[in-house]
Amino acid sequence: MQLYNTLSAEERARLIDDAGLQRLTLSFYAYAHIQNPQEFRDELFVRWNELDVLGRIYVAKEGINAQLSLPAANMEAFKDFLDTYPFMKGIRLNVAVEHDNKSFLKLKIKVRDKIVADGLNDETFDPTDIGIHLKAKDFNSMMDDPDTIVIDMRNHYESEIGHFTGAITPDVDTFRDSLPIIHEQLKDYKDNKKLLMYCTGGIRCEKASAYFKHQGFRNVYQLEGGIIEYTRQIKAEGLESKFTGKNFVFDNRLGERITEDIIAHCHQCGRPCDTHTNCKNDGCHLLFIQCDECAEKMKGCCSDDCKDIVSLPDEQQKVIRKGVRNGTMIFKKGRSESLLFKD
């Protein structure tokens, strides 16, 4: 029985092209009590592999967090399978605003301690005592209230390319870093202000809202379904978008456009640009913003050093990479000193 991906990204890309089928990109999450995450993980892999699901999925004793793609023709069968688990029956699926058949090229389902790394001890508070969910129309209305403070629960590289007007955007690399910073910044407003939070698909706000309520904030609200569902609702209902720019997404697209506004800049020359890319040097893979002109000039790299390396034969590049752990560079997310342009 196959329980792990066996094809390379290149092989999978060719299969997708050959199939010629439209694929849907979507995400969902659910907090639940899962007794045996490994067994649950294996059950998902077997069935989803049959349905040609690709994506990045985390499961833990506290639930599931999934970002994936699948052939549109398999959507009903996928939903039917989810419904066999009571905690996922009828679950909201956040379908992407912009589609790309190659948003994911492998099926990776991993067992983790938590479905979102938040750094919190859940035994010290009630993680189910969450904030009030708001749909797009009510979210827009509350944003206009002068007693409302809007908080972006995402990281700096996400909010850099798009955010809600007037939102506080913490300069952090990780979700866990943002919680104590926001608490310290807003501790004097626990009684007299409304805390209005948002994130990509809603999962970070689920935990953050419970945390802030535990910290004594009286009026805590969150955007239902995150930016993805907000965008669907404003289009369906003809509402004004108070989100400006792009929504960063954690797949090969690296972003989907919400409005035509470009609020970020190329990290190398400073031109208006909101296109994220990973450095083409396989020993770096730094995530940063790069315009088309710099991409051509720098061969898709973040620095002259990386550009020199990608010009070498593959065998020489492999020798240079040998023993190098590039994960710390991947997750620097545009913080490298080699990037010339700074705000």
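Here the structure is a predicted model, which is why all the values come from computation and not from measurement. For the numbers below, each heavy atom of this structure counts, side chains included, while hydrogens, waters and symmetry mates do not.
Not less than 6.0 angstrom separates the ring centroid of Y198 from the ring centroid of Y230. Note: F164 and F139 meet the aromatic proximity criterion, with ring centroids under 6.0 Å apart.
Among all heavy-atom pairs drawn from M153 and A208, the shortest one is CE-CB, 3.7 Å. Pairing each heavy atom of L239 with each of A136, the nearest pair is CD1-CB, 4.1 Å. Contact detail for Q268 and C294: the closest heavy-atom pair is OE1-CB, 3.4 Å. For A210 against P127, the heavy-atom pair with the smallest separation is CB-O, 3.6 Å. Closest of all the heavy-atom pairs between T84 and P86 is O-CD, 3.7 Å. A pairwise comparison of heavy atoms in N49 and L107 identifies N-CD2, 4.0 Å as the closest pair.
Summarising the local packing, CD of Q38 is surrounded by more than 12 heavy atoms from other residues, nucleotides or ligands at distances under 6.0 Å. Counted within 6.0 Å of OH on Y85, heavy atoms from surrounding residues, nucleotides or ligands total more than 12; the atom is thus considered enclosed.
Counting heavy atoms from C-beta outward, L70 and L68 have side chains that approach closer than 4.5 Å. Looking only at side-chain heavy atoms (C-beta outward), Y221 and H133 stay at 4.5 Å or farther from each other. Looking only at side-chain heavy atoms (C-beta outward), V116 and Y29 stay at 4.5 Å or farther from each other. Residues L26 and M75 meet the side-chain proximity criterion, which asks for heavy atoms closer than 4.5 Å.
Donor-acceptor pairing under 3.5 Å is lacking for the side chains of E256 and H99.
A salt bridge links D152 with R154: at least one charged nitrogen is closer than 4.0 Å to a carboxylate oxygen. Taking 4.0 Å as the cut-off between side-chain N and carboxylate O, E240 and K137 do not count as a salt-bridged pair. A salt bridge links K207 with D122: the distance from a Lys NZ or Arg NE/NH1/NH2 to an Asp or Glu carboxylate oxygen falls below 4.0 Å. A salt bridge is defined here as a Lys NZ or Arg NE, NH1 or NH2 lying under 4.0 Å from an Asp or Glu carboxylate O, and R257 with D274 meets this definition. Electrostatic pairing of D147 and K193 counts as a salt bridge here, judged by a charged N lying under 4.0 Å from a carboxylate O. Electrostatic pairing of R12 and D52 counts as a salt bridge here, judged by a charged N lying under 4.0 Å from a carboxylate O. Under 4.0 Å is where a charged nitrogen must lie from a carboxylate oxygen, and between D113 and K61 no such pair does.
For the atom pair OG1 (T200) and CG (N94), the distance works out to 10.0 Å, reported to the nearest 0.5 Å. The line from OH of Y211 to CG of D118 is 10.5 Å long, rounded to the nearest 0.5 Å. Interatomic distance, NE2 of H276 versus CD1 of I289, reported as 4.0 Å (0.5 Å rounding). With rounding to the nearest 0.5 Å, the separation of CG in L223 from CD in Q233 is 7.5 Å. For the atom pair CG of L93 and OG1 of T25, the computed distance is 12.5 Å after rounding to the nearest 0.5 Å. Annotation: the span from K280 atom NZ to Q290 atom CD amounts to 7.0 Å, rounded to 0.5 Å.
Every residue two or more places apart in sequence or in another chain was checked for a side-chain hydrogen bond (donor to acceptor under 3.5 Å, both in side chains) with S178, and none qualifies.
Counting only residues at least two apart or on different chains, the side chain to side chain donor-acceptor pair (under 3.5 Å) pairs with a member in residues 304-317 are K299-S311.
K242 pairs with exactly one of D144, T259, N140 by the side-chain hydrogen bond (donor to acceptor under 3.5 Å, both in side chains) rule, that one being D144. Among T169, D173, D177, D171, the one residue that satisfies the side-chain hydrogen bond (donor to acceptor under 3.5 Å, both in side chains) test with H156 is D173.
Criterion: ILVMFWY side-chain heavy atoms under 4.5 Å apart, direct or through other members. Under it, L82 and I57 are part of a common hydrophobic cluster.
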Stepwise side chain to side chain donor-acceptor pair (under 3.5 Å) check, S69 with R23: CA-CA 6 Å; S69 77; R23 298 183 66 89; 3.2 Å; yes
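Below 30°, between 30° and 60°, or above 60°: for Y157 and F250 the angle between ring planes is above 60°, a perpendicular geometry.
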